[in-house]
Amino acid sequence: MLKRFPARADIPPVFAVITFMLYAWTLVQFFWKLPSLTFYLYIGEIFAIFSYALVESLFESLALLGFLLALSFLLPPAALRDVFIVRGTSLTLILTGSAMLFWNRFSELGLPMTKHIFLWTAVTIAAACLAVFFSTRINLLARGLAGLADRLIVFLYLLMPLSALALGTVLVRSLF
Amino acid sequence: MSIPSRRDFLKLAASVSAGLAFSSMRPAFHFLRAPASGKANIILLLFDATSAHNLSLYGYGRETTPNLSRFAERATVYHSHYAAGSFTTSGTASILTGLYPWKHRALNMRAPVRRDLVGQDIFALLGSEYQRTAFTQNMFAQVFLRQFRHQIEAHLPLTSFGLGDSPSLFSGNFSSDPLMASYAFDTSLYSNEVPTAILSNYLYLMFHPDLQKYQTASEEYPYGLPYDSYNYFENQTVFDGVTQTILKAAHEASPFFGYFHLYSPHLPYAPRKEFVDIFPEIVIPRKPYHKLVNNRQNNKTLLGYRKEYGEFVANVDAEFGRLYDQLESSSVLENSYLFVTSDHGEMFERGEHGHLGALLYEPGIHIPLLVSAPGQRTRQDVYAATSNVDLLPTILNLAGREIPAGMDGRLLPGLGGEEESDRSIFIVEAKENSAFMPLKKATIALVKGEYKMIYYVGYSRVPDGFELYNLRADPEELVNLLETEPAIAAEMKRELLDSLADANRPYLKNQS
């Protein structure tokens, strides 16, 4: 059954892309709010909030990775498992990029944006299918995606220890 | 501490509603037990953003508050009552701590109070002798309830009486650390905020795509449904929920303290259809634009907002009337103090709309206060200036509790205190200051007797300076007496600046 999942070495590069995208968003939002937080919160409290934000990003990252692994499990091996790095990376970029664009538009339009959410999702899925299809057929694109995923692994060495620290902080604060 | 779940509440609401449906059971409420301690219950009912200037109870030209006027016939009515701050955070913190904003330091939007004040708040000071219940629909006030949560037996969730599609507060999953979790997660989808958790929020919207239906006009709500920046609600449901919570608490053997901070008539003004277009046009004095107004509105727009606000106030007043009738018929008022007030007012003049600006003119800070004592049958009127910082010491006094030294508030006249004609009342607006630094950019008002001084400091658009008004002769604050009343101006200037210097002193060491 484990054979239906991608090779162990193929998972970290895709996870690196996921974390890079989601943590980048979290960090931008956090630092956007930071100046106002410094007006009324102590530095320890700000670190606590930062910890919650990092832990939330960790869980969203794991959830998205889990989703990709589930797809890999369900689809024929040639569809995703055998080209997990390239197609996993392209799927991640499309899905997270679409969500980022949505929220960017949402901040301008507000709730009326929700009436477009099904269309938005449909377009996202279509774009993801196209990306999956072409990502392995255009060599330059495939090499680019694989190279990107490989280079982003370095962020895991920074983000995972930070997330572990944040998780510890959240657990301590939530339990005691 | 046990916090009733939404399900618990709905069970309770359903059972009490069913009970009320059988009229033969209604007399049961007449046998409410008096608290075993002999102490009266204390109910603090707060309507957000309610300006005394738009209530017919206080002489407004539109009949917006017939039910408050009815309640006033058995209450003490305070005619010169002031909020201590001009928006929810600073104004509410003053109610809960008995301190002016420059002391409790909840100066900024969503800010908490000084951490060392936890334990010196209204819930802690009342003590466990009282069954303490708290509910707010306002996220800013929720910050304080989370700070003081260890002293609140029943803290009803913010979304308790909202419509079913309301997003749940993610921070509610962190019961040991809800305040920090709230700063991290609680984003208001309705105010177009961008969430940190983009994927989970996206999925949430996927399953609730019709949320926007509440924003659009309907037959029942021509301006759209009321919402509190986190969830949509109907005032009828909210008031029913609060009423049932009070009735349930009144059945308990121990006295209870209830803090109910309701969002209406805060923006968006969303009255039900029967309150729309009910008022005739009235003459409103036109006032000059103020340079400190950020998003200047023309007079016609302000008149439109004022009309809608009046309609919403009338809607809220009608709901209050139902609540009042139920409390009266169930005899709860026979052994309860009922405080009705607000956290700040609302502006419709000088180009300013709302309450988030830097101005401290009367509509923004002059708020209602009515207090009915147990069994009170007649109306009393108090004309001396009072402040929301007075609520805490007064409530402590009524509860037989000690009033800590250093509190800014005094006992309200008629409830243990005396009318003081030369009492100094301060109102502080300093949301652009750090809570940890001396106030360098602020508007501060001092009300003393019939005079009011306003001090602007640190703004780039207006020079530092003062305004002086005689509120009795010039209630619209149109004639600045700074030059023509030099003696009074000098005396009030000195007092205001001395008080500001005292408030700033503990923070001078933080200056670089």
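In what follows, chains carry the letters A, B, and so on, assigned in the order in which the sequence lines appear, proteins first and then strands, with residues in each chain numbered from 1. The shown structure was predicted, so the numbers you read here are calculated from the model rather than taken from an experiment.
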| Evaluation steps, side-chain contact (heavy atoms from CB on, under 4.5 Å), between B/Leu205 and A/Phe106 | CA-CA 11 Å; B/Leu205 284 185; A/Phe106 188 89; 3.8 Å; yes

Can you list the steps and then say if A/Leu22 with B/Leu199 is a side-chain contact (heavy atoms from CB on, under 4.5 Å)?
CA-CA 9 Å; A/Leu22 293 180; B/Leu199 294 184; 3.9 Å; yes

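A side-chain donor-acceptor contact under 3.5 Å links A/Thr121 and B/Tyr202. In the model, A/Glu60 has a side-chain atom that pairs as donor or acceptor with a side-chain atom of B/Ser200 under 3.5 Å.
Between A/Tyr40 and B/Phe436, the distance separating the two ring centers is not shorter than 6.0 angstrom.
Your options are A/Phe102, A/Phe30, A/Phe50, A/Tyr42, and the one with the most heavy-atom pairs under 4.5 Å with chain B is A/Tyr42. Ranked by non-hydrogen atom pairs under 4.5 Å with chain B, the options A/Lys33, A/Lys115, A/Met100 are led by A/Lys115.
Under the rule for a salt bridge (Lys or Arg N to Asp or Glu O under 4.0 Å), the partners of A/Arg173 that lie at least two apart in sequence or sit in another chain are B/Asp177.
Aromatic ring pairs are classed by plane angle as parallel below 30°, tilted from 30° to 60° and perpendicular above 60°; the pair B/Phe185 and A/Tyr52 is perpendicular.
Both the backbone and the side chain of A/Trp120 come within less than 4.5 Å of a heavy atom in chain B. Interface remark: A/Leu41 contributes backbone and side-chain atoms alike to the contact with chain B (heavy atom separation under 4.5 Å). In this structure, chain B has a heavy atom under 4.5 Å from the side chain of A/Phe118, while its backbone stays farther away. Neither the backbone nor the side chain of A/Ser51 has a heavy atom closer than 4.5 Å to any heavy atom of chain B. A/Val28 does not touch chain B: none of its heavy atoms, backbone or side chain, sits under 4.5 Å away.
Within 6.0 Å of the OH atom in B/Tyr507, the count of heavy atoms belonging to other residues, nucleotides or ligands exceeds 12. Enclosure of atom CZ in A/Phe155 is not indicated, since only 12 or fewer non-hydrogen atoms of other residues, nucleotides or ligands lie within 6.0 angstrom. The number of heavy-atom neighbours closer than 6.0 Å to CD1 of A/Ile43, taken from other residues, nucleotides and ligands shown, is 12 or below.
Of all non-hydrogen atoms in B/Ser176 and A/Ser174, the two that sit nearest each other are OG-O, 2.7 Å. Taking every heavy atom of both residues into account, B/Ala184 and A/Ala53 meet most closely at CB-N, 4.4 Å.
To the nearest 0.5 Å, the span separating CD1 on B/Ile198 from CH2 on A/Trp103 amounts to 9.5 Å. From A/Phe39, atom CZ reaches atom CE of B/Met437 across 9.5 Å, with rounding to the nearest 0.5 Å.
Interface residues of residues 110-118 of chain B toward chain A, defined by a heavy-atom distance below 4.5 Å and sorted by number: B/Arg110, B/Ala111, B/Pro112, B/Arg115.
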